[in-house]
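Taking it in order: structure first as structure tokens, then the write-up.
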Amino acid sequence: ATLETTGTGSITLDGTGGNTGSDQGIFLRGTTIRSTSSAAGAGTITLNGQSNGTSGAGIRLADGSLFSSVGGDISLTGTSADHPGVFILDQFGGGGATIQSTGTGVDAANITIDGTSDGAFSGVQVDPGDFTAVDGDISITGSSQGGSGILLDEGSVQTTGDGTITIDGTTTSGEGIRTQQSYSISSDGGDIMLIGNGTTGISLAGTSSVTGNNAVNVSLQGTGSTTDVSLEGTGQRIAVGTGDLTVIANTVDMVGGVS
């Protein structure tokens, strides 16, 4: 299915799941939603999903779903009683989802993801999924009562112009932000900021990476009850070009290297 706006009209999906089993707030498989206007006031894309069930996500995206916008902002807000608030996954072999802003300049679409889990699951869980922008900003916020605030398992967050990247995760027990497998976070022009609060504030595992190209500044701010920032092996990479790398933490557990 495809939903499209070509002008100033906006697309909004509001969904509330039931309180039993796997009722989802919003569940999209292989769905394309796009806004094609580059003019000021271009149509926005907004999803608000809430699940009250025991295994339903607030928003679940699967099987190659695509969200794309030139000028209208993209916003996903999901809340779940006992599952990820925003859950992007390869559920039936068709891949996860791609959320992209293709616009340039000051009117480029921004991407905002906000997920909350009131149970022992991640606020935002991505496995796999890609978030891309040129000059638009990408913001991912997740909170949990027992899982990771944000879990990024396969895919990427990338800006190729002046767009900034902000990832902010909070949990009562677990990692505020956890990246694993080969998940990559990179920017060519806008600064990158990771803020994590939890048992471990920020945890990088597998071959995951954070890369600030050119003059991009990279900041990691971790607050944890046991460890503030953790690099769990020898495969992780944090890199900058001519920009600054700043790590704000009292405790850093580092097995691998930083370049």
Side-chain angles (χ1 to χ4, degrees), residues 1 3 11-31 33 45-67 74-99 111-131 139-155 167-181 183 196-203 205-206 224-226:
L3 304 177
I11 297 172
T12 301
L13 302 181
D14 290 323
T16 301
N19 56 8
T20 59
S22 59
D23 292 336
Q24 317 289 328
I26 296 173
F27 185 11
L28 301 178
R29 292 178 53 194
T31 302
I33 302 178
I45 298 171
T46 304
L47 272 65
N48 298 303
Q50 179 175 339
S51 173
N52 301 311
T54 56
S55 57
I59 298 173
R60 182 185 292 250
L61 307 177
D63 293 354
S65 291
L66 171 65
F67 291 60
I74 301 173
S75 174
L76 276 64
T77 303
T79 302
S80 175
D82 196 23
H83 220 57
V86 176
F87 194 10
I88 300 175
L89 74 162
D90 182 358
Q91 186 164 354
F92 300 102
T98 298
I99 300 175
I111 297 171
T112 302
I113 311 296
D114 193 338
T116 300
S117 174
D118 292 329
F121 289 86
S122 302
V124 175
Q125 182 169 336
V126 180
D127 182 21
D130 296 298
F131 306 87
S139 173
I140 303 174
T141 303
S143 63
S144 172
Q145 296 300 311
S148 298
I150 297 171
L151 175 59
L152 304 175
D153 202 353
E154 279 287 354
I167 301 175
D168 189 340
T170 301
T171 182
T172 58
S173 176
E175 299 97 342
I177 299 171
R178 179 177 177 84
T179 65
Q180 55 190 31
Q181 303 294 334
Y183 208 93
N197 292 271
T199 306
T200 299
I202 299 171
S203 178
S225 57
T226 59

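Below, all heavy atoms of this structure are taken into account, side chains as well, without hydrogens, waters or symmetry copies. Nothing here was measured: the structure is a model prediction, and the numbers come from that model.
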Open item on the list: Checking the side chain of Tyr183 only, and the main-chain atoms of Ala205 only, is there a donor and an acceptor separated by less than 3.5 Å?
Closed with: no

Task: Close side-chain approach of Pro84 and Ser117, heavy atoms under 4.5 Å - done: no

Task: Point-to-point distance, once rounded to the nearest 0.5 Å, from CG of Asp127 to OG of Ser122 - done: 10.5 Å

- [ ] Compute whether any side-chain donor of one residue and acceptor of the other, for Thr200 and Glu175, lie under 3.5 angstrom apart.
- [x] no

- [ ] Mark yes or no: Arg60 above the aromatic ring of Phe27, with NZ or CZ under 6.0 Å from the six-membered ring centre and no more than 45 degrees from the axis.
- [x] yes

- [ ] Without swapping roles, check the side chain of Thr170 against the backbone of Gly149 for a donor-acceptor pair under 3.5 Å.
- [x] no

Open item on the list: Let me confirm one number: the CG-OG1 distance from Leu61 to Thr98, rounded to the nearest 0.5 Å.
Closed with: 10.5 Å

Open item on the list: Would the distance check show the side chain of Thr171 and the main-chain N or O of Gly147 forming a donor-acceptor pair, the cut-off being under 3.5 Å?
Closed with: yes

Task: Stepwise side chain to side chain contact (heavy atoms under 4.5 Å, CB included) check, Asp90 with Asp63 - done: CA-CA 6 Å; Asp90 182 358; Asp63 293 354; 4.2 Å; yes

Task: The single option from Thr141, Thr116, Ile167, Ile113 passing side chain to side chain contact (heavy atoms under 4.5 Å, CB included) against Val124 - done: Ile113

- [ ] Considering non-hydrogen atoms only, spot the tightest contact between Ala62 and Gln91 and give its length.
- [x] CB-CB, 4.0 Å

- [ ] Hey, could you give me the CG/OG distance between Asp168 and Ser143, rounded to the nearest 0.5 Å?
- [x] 9.5 Å

Task: Gln50 and Asn52: side chain donor to acceptor below 3.5 Å - done: yes

- [ ] Scan Thr12, Ile11, Leu28 and name whichever one has a side chain to side chain contact (heavy atoms under 4.5 Å, CB included) with Leu47.
- [x] Leu28

Open item on the list: Using the rule given for side chain to side chain contact (heavy atoms under 4.5 Å, CB included), can you reason through Leu13 versus Ile33, listing the C-alpha separation, both sets of side-chain angles and the distance that settles it, and then say yes or no?
Closed with: CA-CA 11 Å; Leu13 302 181; Ile33 302 178; 4.0 Å; yes

Open item on the list: I'd like to know if the side chain of Ser144 and the backbone of Phe121 have a donor-acceptor N/O pair within less than 3.5 Å.
Closed with: yes

TODO: Could you tell me whether the side chain of Ser80 and the main chain of Gly56 form a donor-acceptor pair under 3.5 Å?
DONE: yes

Task: Gap between atom CD of Gln180 and atom CG of Leu152 - 0.5 Å precision - done: 9.0 Å

Open item on the list: Looking at Ala57, is its backbone amide N or carbonyl O close enough to the side chain of Gln24 to form a donor-acceptor pair, meaning the two atoms are under 3.5 Å apart?
Closed with: yes

TODO: Could you tell me the separation between the CG atom of Asp118 and the CD atom of Gln145, rounded to the nearest 0.5 Å?
DONE: 6.0 Å

Task: Check: Gly174 main-chain N/O paired with Thr199 side-chain donor or acceptor under 3.5 Å - done: yes

TODO: Report the distance from atom CD1 of Ile202 to atom CG of Asn197, rounding to the nearest 0.5 Å.
DONE: 8.5 Å

Task: Close side-chain approach of Ile26 to Leu76, heavy-atom, < 4.5 Å - done: no

